[in-house]
Asks: 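Mind looking over this structure? Questions follow.
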Amino acid sequence: MRILTSAQMKEAERRADAAGLSYRQMMENAGAAAARFIESRETLPGREVLILTGSGNNGGDGYVAARLLAEAGAQVRLVLVDGEPRTGDSRANRALALERGIPEIPLEALTDSGFSGKVAVDALYGTGFHGALRSRARQAVRWLNASGARVYALDLPSGLQADSGESDPDSVRAHVTIAFDSLKPAHRMEAASLLCGEVVCVDIGIPEECHPGEDAGEENALL
């Protein structure tokens with residue numbers, strides 16, 4: 001199984017973009033793969049699904065998944081935990097989700113609504129997370145962990161650092177973590193297992209030759 005550090009994953013994405021697979025398409029592929037996996041595990045028609053999004057590309061993956069889960073019959077709602085998206089691809093996918101009629105609800109509304117037995121998607125932070133959760137993210141994650149929802153984390157549970165496995169005390173405790181393209185070091189660390197839950201890896205279309213380890217002199221990332 002391939003394991004890539006956050007830097008190696010960025011390099012794989014850069015190479016894929018240079019080879020003709022755009023970052024926008026990789027985001028679409030990631031969100032679509034996550035949605036397909038969730039659909040394979042859950043009965044979606046009429047099912048309430050809450051998607052917590054960050055302002056970066058992990059949030060963009062969440063907007064793609066939101067659109068496709070809604071098309072599969074789920075009653076999807078979005079919570080923009082860190083405000084509006086900062087990247088162009090994420091903004092475009094938020095716009096598509098809104099065009100689809102998916103509602104956005106304020107973070108504060110979560111304090112008054114139970115979610116036990118329902119589905120939630122953690123699309124706050126991915127491989128770029130370092131340090132501590134911001135205050136609004138901490139509020140959202142505390143609610144999520146106490147909600148009783150079945151939680152699917154996109155790439156990594158928010159609050160967990162991809163390379164070191166260090167985590168914020170309030171990190172998301174996922175039932176399933178859907179890793180994109182490759183596992184990250186934290187996915188294999190025992191200390192992170194309680195946060196990741198079951199770990200599955202899905203293909204997002206990056207060609208094999210774009211991964212680090214293919215060039216001479218480069219550390220092989222296949223473990």
Side-chain angles (χ1 to χ4, degrees), residues 1-41 53-54 56-65 68 87 89-90 93 121-131 151-168 171-223:
M1 176 63 69
R2 182 189 301 111
I3 299 177
L4 297 186
T5 66
S6 56
Q8 288 172 325
M9 191 66 234
K10 273 188 178 178
E11 177 62 12
E13 291 170 344
R14 185 196 68 77
R15 292 182 185 183
D17 179 67
L21 180 67
S22 69
Y23 285 102
R24 174 74 176 272
Q25 188 61 53
M26 282 184 269
M27 182 177 288
E28 181 72 21
N29 292 350
R36 283 194 301 271
F37 181 81
I38 294 170
E39 188 174 3
S40 75
R41 292 290 184 92
T53 64
N57 285 332
N58 197 249
D61 300 333
Y63 294 124
V64 174
L68 298 175
T87 70
D89 291 340
S90 293
N93 278 302
V121 177
D122 165 25
L124 286 172
Y125 303 122
T127 57
F129 175 81
H130 293 90
V151 179
Y152 292 85
L154 301 190
D155 216 10
L156 288 157
S158 294
L160 176 65
Q161 297 185 35
D163 296 344
S164 69
E166 295 178 1
S167 60
D168 186 281
S171 295
V172 167
R173 297 192 297 274
H175 293 86
V176 182
T177 295
I178 304 171
F180 295 139
D181 177 76
S182 305
L183 296 183
K184 314 309 181 290
H187 291 137
R188 285 291 184 87
M189 294 180 183
E190 186 176 355
S193 62
L194 292 178
L195 301 178
C196 293
E198 179 187 358
V199 178
V200 299
C201 191
V202 297
D203 180 31
I204 64 170
I206 295 177
E208 189 63 35
E209 61 270 19
C210 292
H211 294 95
E214 298 296 326
D215 295 340
E218 207 170 11
E219 182 180 357
N220 198 314
L222 292 175
L223 300 179

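Residue numbers start at 1 and run along the sequence shown. As the structure is a computational prediction, the values presented were derived from the model and not from experiment.
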Asks: Considering only heavy atoms from C-beta outward, does the side chain of Asn58 approach that of Leu156 to under 4.5 Å?
Replies: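 No, their side chains stay 4.5 Å or more apart.
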Asks: Check Val202 against Ala33 and note the closest heavy-atom contact, atom names and distance.
Replies: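 Answer, listing the atom of Val202 first, then Ala33: CG2-CB, 3.7 Å.
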Asks: Is there a side-chain contact between Asp61 and Asp155 (heavy atoms, below 4.5 Å)?
Replies: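 Contact flag for Asp61/Asp155 side chains = no.
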Asks: Within a strict 4.5 Å, meaning less than it, do heavy atoms of the Arg2 and Asp181 side chains meet?
Replies: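 Side chain of Arg2 against side chain of Asp181, heavy atoms only: contact under 4.5 Å found.
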Asks: How close do Gly205 and Leu21 get, heavy atom to heavy atom, and via which atoms?
Replies: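 Scanning both residues completely, I find the closest heavy atoms to be O-CD2, 3.3 Å.
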Asks: Looking only at non-hydrogen atoms, find the nearest pair between Gly131 and Gln161 and report the distance.
Replies: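 Looks like N-NE2, 3.4 Å.
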Asks: Taking the side chain from Asn57 and the backbone from Met27, do they hold a donor-acceptor pair closer than 3.5 Å?
Replies: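 No.
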Asks: How far apart are the closest heavy atoms of Gln8 and Thr5, and which atoms are they?
Replies: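 Residues Gln8 and Thr5, closest heavy atoms: OE1-N, 2.9 Å.
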Asks: Supply the atom-to-atom distance Lys184 NZ to Thr177 OG1, rounded to the nearest 0.5 angstrom.
Replies: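 Taking NZ in Lys184 and OG1 in Thr177, the distance rounds to 10.5 Å.
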Asks: Take a 6.0 Å sphere around CZ of Arg24 and say whether it holds more than 12 heavy atoms from other residues, nucleotides or ligands.
Replies: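 Counting other residues, nucleotides and ligands, CZ of Arg24 exceeds 12 neighbours.
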Asks: Donor-acceptor pair, distance only, cut-off 3.5 Å: does the side chain of Ser90 make one with the backbone of Gly56?
Replies: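 Judged by distance alone, yes, a pair lies under 3.5 Å.
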Asks: If you define the side chain from C-beta out and look only at heavy atoms, does anything of Leu4 sit under 4.5 Å from Thr127?
Replies: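 When only atoms from C-beta onward are counted, Thr127 and Leu4 do not touch, as no gap falls below 4.5 Å.
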Asks: Gly165 and Ala186: which non-hydrogen atoms are nearest, and at how many Å?
Replies: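 That closest heavy-atom pairing would be CA-CB, 3.9 Å.
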Asks: Arg173 and side chain to side chain contact (heavy atoms under 4.5 Å, CB included): which single residue from Leu195, Leu194, Val151 fits?
Replies: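 The side chain to side chain contact (heavy atoms under 4.5 Å, CB included) with Arg173 is passed solely by Leu195 among Leu195, Leu194, Val151.
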Asks: Hey, is the main chain of Gly59 close enough, under 3.5 Å, to the side chain of Thr53 for a donor-acceptor pair?
Replies: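 Not a single qualifying donor-acceptor pair exists.
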Asks: What I'd like to find out is whether the side chain of Met189 reaches to under 4.5 Å of the side chain of Ser164, using heavy atoms alone.
Replies: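 Counting from C-beta outward, Met189 and Ser164 never come under 4.5 Å.
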Asks: Run the numbers on Arg36 and Glu39 for salt bridge (charged side-chain N to carboxylate O under 4.0 Å, His left out), then give the verdict.
Replies: CA-CA 5 Å; Arg36 283 194 301 271; Glu39 188 174 3; over 6 Å; no
Asks: Tell me, do Ser182 and Ile3 make a side-chain contact under 4.5 Å, heavy atoms counted?
Replies: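 No, their side chains stay 4.5 Å or more apart.
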Asks: For the residue pair Met9 and Asp163, establish whether any side-chain heavy-atom pair is separated by less than 4.5 Å.
Replies: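 When only atoms from C-beta onward are counted, Asp163 and Met9 do not touch, as no gap falls below 4.5 Å.
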Asks: By salt bridge (charged side-chain N to carboxylate O under 4.0 Å, His left out), which residues pair with Asp122, not counting sequence neighbours?
Replies: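 Scan of Asp122 (salt bridge (charged side-chain N to carboxylate O under 4.0 Å, His left out), adjacent residues dropped) gives none.
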Asks: Going through the distances and angles, do Tyr152 and Glu198 end up as a side chain to side chain contact (heavy atoms under 4.5 Å, CB included)?
Replies: CA-CA 10 Å; Tyr152 292 85; Glu198 179 187 358; over 6 Å; no
Asks: Which atom names give the shortest non-hydrogen contact between Asn93 and Gly60, and what distance separates them?
Replies: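 Nearest pair, atom of Asn93 first, then Gly60: CB-O, 4.1 Å.
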